[in-house]
Amino acid sequence: MDFGFDTFISPLTWRYGSDEMKAVWSEKNKRLLLRRIWIALAGVQNRAGLVSDEQLADLKAHADEIDIERALEIESTIHHDLMAEIRTFAEQCKTGGGIIHLGATSMDVLDNADALRLRQALDIIIARTRELRSVFAEKAEKYKDLPCMAFTHIQSAEVTTVGYRLALVVQDLDICLNELENLEILGKGMKGAVGTRASYKCLLQGKTISSEDLDNEVMKALGLEAFKGATQVYPRTQDLRVMHALDSLSCALAKFALDFRMLQSTAIGEWSEPFGKSQVGSSAMPFKRNPINCEKIDSLCRYVHSLVPGAWDNASLSILERTLDDSANRRLFLPQAFLALDEVLLTAKKVVSGMNVHEATIRRNLEAYGVFAATERLLMELGRRGADRQMMHEVIREQSLKAWACVQEGKDNPLVDLLCKEASILKFMNEDEITRCLDASDYYGDAVRMTQQIIGK
């Protein structure tokens, strides 16, 4: 089948995601894995005397000869995708075709193939997340001591540093990486129609290996651990665990992208995405420099999150030993989640690598609002010198509100002058000491130390 732009094709087919991730979820890779599993099964059955050397060699000789068109032609008649692939493989293997899938049920092959694909896809996500962590850590180190206004409730608050803000994303990525790296992906194993290994036990009567041996040896050949027990399928809670891990990473990156968009807003203007020389920001407003990459990150992360309930439903609604109502949606949400997150990671790396940090704007905002933040240091120093904390809090609050009113009218911030003239404060500090306390440029506590602790982990 040849798909062009005259029919629907998913944006994940051509617009989003890497070729590497698309290859993992391709039909070609899936069918190659199916054949790999059939050959592993035949190899163990060969040692048990059920399959001849010639039959096994025949299967191996044709392992890479995927013929999807022929398989689809057969499927259109028999309406069973796995049997169509078996018959296609068997047609190619004149000697060994008759023993393909001996003793197996469809999900012995399909679920183990899915487990292998999940592992391949997770390896890509983990590698990309490590790369992104390195980029964030590099930027956090560079800007670890660059003071900037912090915001709570989307209002200017106290002072932090650009590096510390980035280091907190590194901390999130470390948590997500730990979850991803410790996510154990298990196969169904070779356990037959309802997970009891009955078919294999029957086949192996009087043979030198048991059905349990066969299960273990096939999985060993595939380099895949298996669940101790299964139904017709591996427990669908595994898919849910995978989706939760992807969802956690998407959440961390969505939060960063939203913060980036806030900091790129014209009202704050401290960060901006890299912007190409010929890039167009708006079809209507030529001056626009919209944060399109971070908006894409948020959009795709939201999409990944939307896929999680499907995995939950599959796990909870798989009646008894299995129902087939998970099959169609798993074909969709598993590759889509990985491809969407793959695109998010690639885009985030591009954004952070090329981000613009506008230090002049950062200084301007700090000068405008930092003095309000530094009133906390003044309050702490007054308390240290014996002043009544509650009384001083009220004095500073009243003067701060007067100063805010002036700032909102576009006037210069008078807070330093107001506090330097406050008699109740002058009882404990002189004007120079008050002024020094109200300089917020270094009022960021242990931000540098904590940044280095996080990124040096």
Side-chain angles (χ1 to χ4, degrees), residues 1-5 7-34 66 68 81 110-111 113-133 135 173 176-177 179-181 183 185 236 238-257 292-314 326-353:
M1 289 183 287
D2 187 15
F3 298 103
F5 288 99
T7 187
F8 172 77
I9 50 176
S10 170
L12 295 168
T13 302
W14 65 281
R15 193 176 189 92
Y16 303 132
S18 65
D19 290 342
E20 185 182 9
M21 186 63 81
K22 289 171 187 174
V24 168
W25 295 104
S26 69
E27 276 297 308
K28 180 179 179 181
N29 186 49
K30 173 185 173 181
R31 292 166 194 258
L32 286 170
L33 290 173
L34 296 178
I66 303 301
I68 296 176
D81 58 337
L110 290 169
D111 263 15
D114 277 349
L116 291 169
R117 287 201 291 180
L118 285 172
R119 247 185 15 189
Q120 291 172 342
L122 282 168
D123 284 346
I124 294 172
I125 293 296
I126 289 168
R128 297 222 194 287
T129 306
R130 287 174 181 161
E131 291 171 4
L132 181 59
R133 186 216 189 268
V135 174
L173 292 179
C176 293
L177 270 170
E179 186 176 7
L180 289 164
E181 290 170 345
L183 188 61
I185 300 298
R236 290 299 181 239
Q238 174 162 266
D239 293 346
L240 184 58
R241 288 193 296 275
V242 169
M243 292 301 294
H244 279 157
L246 300 183
D247 193 29
S248 293
L249 179 55
S250 71
C251 181
L253 294 174
K255 189 264 193 287
F256 162 73
I292 57 171
N293 289 299
C294 284
E295 288 174 324
K296 178 174 72 171
I297 289 170
D298 280 330
S299 185
L300 289 174
C301 287
R302 198 177 300 165
Y303 181 65
V304 172
H305 178 60
S306 76
L307 298 174
V308 176
W312 190 96
D313 288 343
N314 285 350
D326 65 344
S327 179
N329 65 42
R330 289 180 76 250
R331 292 176 190 262
L332 294 168
F333 76 72
L334 287 174
Q336 287 175 358
F338 278 99
L339 282 162
L341 191 53
D342 186 47
E343 179 69 19
V344 164
L345 289 164
L346 292 169
T347 306
K349 182 180 177 183
K350 178 173 68 175
V351 168
V352 180
S353 297

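FYI, side chains are in, hydrogens and waters are out, and symmetry mates aren't considered; it's all heavy atoms of this structure.
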- [ ] Answer with yes or no whether the side chains of Asn314 and Asn329 bring together a donor and an acceptor at under 3.5 Å.
- [x]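 The answer is yes; a qualifying pair exists.
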
Task: Among Ile124, Asp123, Leu339, the one residue meeting side-chain contact (heavy atoms from CB on, under 4.5 Å) with Val24 - done: Ile124

Heavy-atom pair of closest approach, residues [X] and [Y]:
| X | Y | result |
| --- | --- | --- |
| Glu179 | Ser248 | OE1-OG, 3.5 Å |
| Met243 | Ala311 | CG-CB, 3.8 Å |
| Phe333 | Leu307 | O-CD1, 3.8 Å |
| Ala337 | Val304 | O-CG2, 3.9 Å |
| Ala254 | Asp298 | O-OD1, 2.7 Å |
| Ile66 | Ile68 | CG2-CG1, 3.6 Å |

Open item on the list: I'd like to check the ring pair (Phe, Tyr, Trp, His ring centres under 6.0 Å) partners of Phe338; sequence neighbours left out, ordered by chain and number.
Closed with: Trp25

I'd like to check [X] versus [Y] (side-chain heavy atoms, cut-off strictly below 4.5 Å). Are they in contact?
| X | Y | result |
| --- | --- | --- |
| Val351 | Cys294 | yes |
| Ile185 | Leu116 | no |
| Gln238 | Asp114 | no |

Return the [atom1] to [atom2] distance between [X] and [Y], rounded to the nearest 0.5 Å.
| X | Y | atom1 | atom2 | result |
| --- | --- | --- | --- | --- |
| Leu110 | Lys30 | CG | NZ | 6.0 Å |
| Ser250 | Ile125 | OG | CD1 | 10.5 Å |
| Asp326 | Arg331 | CG | CZ | 10.5 Å |
| Leu118 | Leu334 | CG | CG | 6.0 Å |
| Ser10 | Leu332 | OG | CG | 9.0 Å |
| Glu181 | Thr129 | CD | OG1 | 9.0 Å |

Return the set of residues passing side chain to side chain donor-acceptor pair (under 3.5 Å) with [X] (not counting sequence neighbours), or none when no residue passes.
| X | answer |
| --- | --- |
| Ser18 | Arg128, Asp342 |
| Lys28 | none |
| Glu295 | none |
| Arg119 | none |

TODO: Just do the side chain to side chain contact (heavy atoms under 4.5 Å, CB included) check on Leu249 and Leu173 with the steps written out, would you?
DONE: CA-CA 7 Å; Leu249 179 55; Leu173 292 179; 3.7 Å; yes

- [ ] Applying side-chain contact (heavy atoms from CB on, under 4.5 Å), name anything that partners Lys296, two or more places apart in sequence or on another chain.
- [x]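 side-chain contact (heavy atoms from CB on, under 4.5 Å) list for Lys296, sorted by chain: Tyr16, Leu300, Glu343, Thr347.
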
Open item on the list: One pair to check against side chain to side chain contact (heavy atoms under 4.5 Å, CB included): Leu346 and Leu132. What are the steps and the verdict?
Closed with: CA-CA 8 Å; Leu346 292 169; Leu132 181 59; over 6 Å; no

Open item on the list: What I want to find out is whether Arg236 reaches Asp111 closely enough, with some N-O distance under 4.0 Å, to be called a salt bridge.
Closed with: yes

- [ ] Would you sort out whether Leu12 and Lys22 count as a side chain to side chain contact (heavy atoms under 4.5 Å, CB included), showing the intermediate values?
- [x] CA-CA 8 Å; Leu12 295 168; Lys22 289 171 187 174; 6.0 Å; no

